[in-house]
Amino acid sequence: MKIKTVKLIVLATTMSIIVACKTKKAPTLVASIVPTNVQLKAIQVKYPDVTMQNLTNGHDIYTGVCTNCHGMKNIYKRSEESWKHEIDVMAPKANISDTQKDELFKYILSMKATQVAEIK
Ligand code: HEC
């Protein structure tokens, strides 16, 4: 092989590696929405009576019955007041009790209070 051809091959290989690296998608940061002690501590600042079981129940409702008709709504894109309103409107649709409504609300507030990333 001629030196010129070798140089061309090396150049082509280098270019394709650079292109491959550039087009590789950056990993998207997806926040966990499973409540932990971090969320519990955060919500207890305002609502000391909330338990881990309450948050777990809220999470189950949010990822369960609340996704029966549409996808998961972004927790972080709504204010506390807006969530309170939406939960009032959606509760009859989801057929959840007042206790469940409260657990869902506290769960959402606990996630908002400890936001690390947007949920798409
Ligand atoms: C029986 C079906 C049904 C269930 C169950 C349901 N929703 Fe909805 N929801 C709708 C419909 C229909 C809309 C309006 C169209 C849309 O935004 O997808 C809506 C809209 C919304 C919106 C957006 C309103 C806006 O301004 O865009 C939120 C937030 C929401 N739902 C939250 C919830 C939560 C939380 C639950 C669980 C408690 C729930 N939904 C359960 C049918 C339902």
Side-chain angles (χ1 to χ4, degrees):
M1 243 190 292
K2 279 187 189 150
I3 299 283
K4 222 177 179 179
T5 320
V6 172
K7 271 186 182 169
L8 268 175
I9 291 168
V10 170
L11 185 69
T13 314
T14 313
M15 290 304 283
S16 60
I17 288 170
I18 291 171
V19 170
C21 290
K22 283 258 163 74
T23 49
K24 206 172 125 198
K25 270 195 190 150
T28 10
L29 180 61
V30 178
S32 166
I33 57 160
V34 179
T36 67
N37 263 333
V38 175
Q39 280 71 39
L40 183 62
K41 286 220 175 75
I43 193 75
Q44 283 177 340
V45 171
K46 203 170 165 189
Y47 302 99
D49 295 340
V50 174
T51 65
M52 196 63 215
Q53 189 59 58
N54 292 143
L55 294 187
T56 306
N57 291 347
H59 173 257
D60 288 348
I61 296 163
Y62 178 70
T63 56
V65 284
C66 291
T67 63
N68 279 357
C69 309
H70 47 65
M72 261 192 265
K73 302 286 178 181
N74 192 320
I75 291 179
Y76 308 121
K77 279 192 179 153
R78 276 167 206 282
S79 66
E80 180 172 339
E81 296 70 35
S82 169
W83 267 116
K84 192 152 192 66
H85 171 76
E86 287 303 333
I87 292 171
D88 281 340
V89 176
M90 291 294 145
K93 287 187 195 282
N95 201 18
I96 55 172
S97 69
D98 284 353
T99 308
Q100 288 175 309
K101 265 172 73 172
D102 194 54
E103 287 178 322
L104 173 62
F105 186 56
K106 298 292 162 55
Y107 160 71
I108 284 173
L109 293 190
S110 79
M111 292 308 299
K112 281 173 71 68
T114 55
Q115 173 171 5
V116 288
E118 288 283 322
I119 296 180
K120 291 277 171 353

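Keep in mind the model is a prediction, meaning the values are calculated, not measured. Starting from 1, each residue takes its place in the sequence as its number. Order of appearance sets the numbers: ligands from 1, and atoms from 1 within every ligand.
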If you have a sec, work out which protein heavy atom is nearest atom 1 (C) of ligand 1 and how many Å separate them, to one decimal?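 Among all protein heavy atoms, the one nearest atom 1 (C) of ligand 1 is Cys69 SG, 2.8 Å.
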
Return the closest protein heavy atom for atom 41 (C) of ligand 1 as residue, atom name and distance. Cys66 CA, 3.8 Å

Tell me whether Lys93 has any N or O atom under 3.5 angstrom from an N or O of ligand 1.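 So ligand 1 has no N or O lying under 3.5 Å from an N or O of Lys93.
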
Does any N or O atom in His70 lie less than 3.5 angstrom from one in ligand 1, N or O only? yes

Within the 4.5 Å heavy-atom criterion, are [X] and [Y] side-chain neighbours or not?
X: Asp88; Y: Lys101; result: yes
X: Asn95; Y: Val65; result: no
X: Asn57; Y: Leu104; result: no

Cation-pi check, Lys84 to Phe105: give yes when NZ or CZ is under 6.0 Å from the six-membered ring centre and within 45° of the ring axis, no otherwise. yes

Should one rank Arg78, Lys77, Lys101, Glu86 by closest heavy-atom distance to atom 27 (O) of ligand 1, which comes out on top?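 Looking at heavy atoms only, Arg78 sits closest to atom 27 (O) of ligand 1.
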
Which of these, Met90, Met72, Lys73, His85, has its nearest heavy atom closest to atom 17 (O) of ligand 1? Lys73

Which of the atoms of ligand 1 are close to Val65, meaning less than 4.0 Å from one of its heavy atoms? 5 (C)

Against heavy atoms of Leu104, which atoms of ligand 1 measure under 4.0 Å?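 Counting atoms of ligand 1 from 1, those under 4.0 Å from Leu104 are 38 (C).
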
May I ask you to decide whether Asp102 forms a salt bridge with Lys106, counting only side-chain N to carboxylate O separations under 4.0 Å?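 Looking at Asp102 and Lys106, the cut-off is met.
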
Measuring to protein heavy atoms, does anything land under 4.0 Å from atom 14 (C) of ligand 1?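 So far as the 4.0 Å threshold goes, atom 14 (C) of ligand 1 is out of reach of every protein heavy atom.
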
Would you check if there is a donor-acceptor pair between the side chains of Thr56 and Gln53 at a distance under 3.5 Å?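 The answer is no; no qualifying pair exists.
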
Rounded to the nearest 0.5 Å, how far apart are CD of Gln44 and CG of Asn54? 9.5 Å

